[in-house]
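Remember, it's 1-based here, ligands and their atoms both numbered in the order they're listed.
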Amino acid sequence: MPGTFITVEGIDGCGKSTQLSILARKLREQGIDVVETVEPGGTLAGREIRAILLDPRQHALNARTELLLYFASRAQNCAEVIAPALARGATVLCDRFTDSTIVYQGAGRGVDEATIRQLHQIACGSLYPDLTLLIDIDLETSLARALARNAENATRETRLEEESHAFFERVRDGYQRLARAEPERVQVIDGRASIEVVAERIWSVVTHR
Ligand code: ADP
Ligand code: TYD
């Protein structure tokens, strides 16, 4: 694929979406064709799947159902948005991707990683990010930000945020393991600074590439 595929990862409230829009703006200022997308979501079908996944009334959602829904959203996003954009040479910025499934459903819920990788192959084929920006921040700050933002937006997307502290500890450890396993692709960005400072850290990693 002639384009560049960049994903942004990290625990809820770490600042992913804020940083993704800043990065998109800076890249566009350089004349780069940028496509922004998000998981779960990114397409009409994806947004409907997202509504089920994040609805707090869905507390009975089975771990396998949840896993398949994340990949259903991702399959549509790959086919409809990501692959066509990469094929025309665009830079795709995706807020979360399969790494989120590896850490939330894998490390968090105990689904084995081989199953997740198999599903990735089925849903996305060989589509993998060229670069992943992992925004690292302590759990307390991150979850407090996510809760404050959700209260402000009066969102109903709170199912995951009702998970236990231990769940998010496993998720954060899972991200750190991923970064150790693939240090070239997964670049860890210290997220404990102002929005502007974190954006500069990201910009220096991206321009270095
Ligand atoms: P995510 O997409 O990772 O869940 P957001 O970008 O939505 O995170 O940020 C969560 C909340 O924290 C938002 O209200 C945002 O304005 C705020 N925020 C983001 N980055 C920072 C930062 N570096 N310092 C303080 N607040 C931040
Ligand atoms: P997101 O909208 O990025 O939440 P936030 O802005 O709070 O970080 O993602 C929604 C939730 O879905 C988030 O709690 C992480 C979870 N998630 C998974 O559990 N598995 C996945 O594969 C993906 C993409 C997200």
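Atoms of ligand 1 lying under 4.0 Å from at least one heavy atom of Lys16, given by number and element, are 1 (P), 2 (O), 3 (O), 4 (O), 6 (O), 8 (O). Annotation for ligand 2: atoms under 4.0 Å from non-hydrogen atoms of Leu54 are 10 (C), 11 (C), 12 (O). Taking every non-hydrogen atom of Ala193 and a distance limit under 4.0 Å, the qualifying atoms of ligand 1 come out as 22 (C), 23 (N), 24 (N). When each atom of ligand 2 is checked for a heavy atom of Thr101 under 4.0 Å away, the hits are 21 (C), 22 (O). Remark: ligand 2 atoms within the under-4.0 Å shell around heavy atoms of Glu39 are 24 (C).
No hydrogens or angles considered: a donor-acceptor pair under 3.5 Å links the side chains of Asn77 and Thr37. Using modelled atom types, one finds a donor on one side chain and an acceptor on the other under 3.5 Å when comparing Glu9 with Ser100. In summary, the side chains of Arg74 and Thr101 do present a donor paired with an acceptor at a separation below 3.5 Å, with no hydrogens or angles considered.
Among Phe97, Phe167, Tyr70, the residue whose heavy atom lies nearest to atom 23 (C) of ligand 2 is Tyr70. Within the set Arg145, Arg96, Glu9, the minimum heavy-atom distance to atom 24 (N) of ligand 1 is found for Arg145. Closest to atom 5 (P) of ligand 2 by heavy atom, among Ile102, Val103, Asp12, Leu20, is Asp12.
The closest protein non-hydrogen atom to atom 19 (C) of ligand 1 is Thr18 OG1, 3.6 Å. For atom 8 (O) of ligand 1, the nearest non-hydrogen atom of the protein is Gly15 N, 3.2 Å. Among all protein heavy atoms, the one lying closest to atom 7 (O) of ligand 1 is Arg149 NH1, 2.9 Å. When hydrogens are left out, the protein atom nearest atom 2 (O) of ligand 1 is Ser17 OG, 2.3 Å; that is the closest non-hydrogen contact.
A salt bridge does not link Arg117 with Asp112: none of the charged nitrogens is closer than 4.0 Å to a carboxylate oxygen. Using a cut-off of 4.0 Å between Lys/Arg side-chain N and Asp/Glu carboxylate O, Asp33 and Arg88 are scored as salt-bridged.
Heavy atoms of Ser142 come nearer than 4.0 angstrom to ligand 1 in no pair at all. Residue contact annotation: Gly10 has no non-hydrogen atom under 4.0 Å from ligand 1. Ligand 2 has Arg149 within reach: a non-hydrogen atom of the residue lies less than 4.0 Å from it. Within the structure, ligand 2 has Arg74 among the residues with a heavy atom less than 4.0 angstrom away. Using a non-hydrogen distance threshold of 4.0 Å, Ser194 registers as a contact of ligand 1.
Although no hydrogens or angles enter the test, the distance criterion places no donor-acceptor pair under 3.5 Å between the side chain of Arg96 and the main chain of Glu39. Distance alone, capped at 3.5 Å, is enough to place a donor-acceptor pair between the Ser21 side chain and the Ser17 backbone. Within the 3.5 Å criterion, the main-chain N or O of Leu61 finds no donor-acceptor partner in the side chain of Thr65.
Here's the thing with Arg50: one of its N/O atoms is less than 3.5 angstrom from an N/O atom of ligand 2. In terms of polar-atom proximity, Lys16 is counted as a contact of ligand 2, with an N or O under 3.5 Å from an N or O of the ligand. Among the atoms of Gly13, some N or O lies under 3.5 angstrom from an N or O of ligand 1. Close N/O approach between Glu66 and ligand 2 is not found [any backbone or side-chain N/O within under 3.5 Å].
Within the 4.5 Å cutoff, side-chain heavy atoms of Gln187 are placed close to those of Arg209.
In this pair, Tyr128 and His120 present their aromatic rings parallel. The plane angle is below 30°, not in the 30 to 60° band.
Under the 4.5 Å side-chain contact rule for hydrophobic residues, Leu93 and Phe5 do not share a cluster.
Note that Arg170 lies outside the cation-pi zone of Phe167, set by a 6.0 Å cut-off to the ring centre and a 45° limit from the axis.
Residue contacts with ligand 2 for Leu53 are absent, since no atom lies close enough (heavy atoms, distance under 4.0 Å).
Between Tyr70 and Tyr104, the ring center distance fails the sub-6.0 Å criterion.
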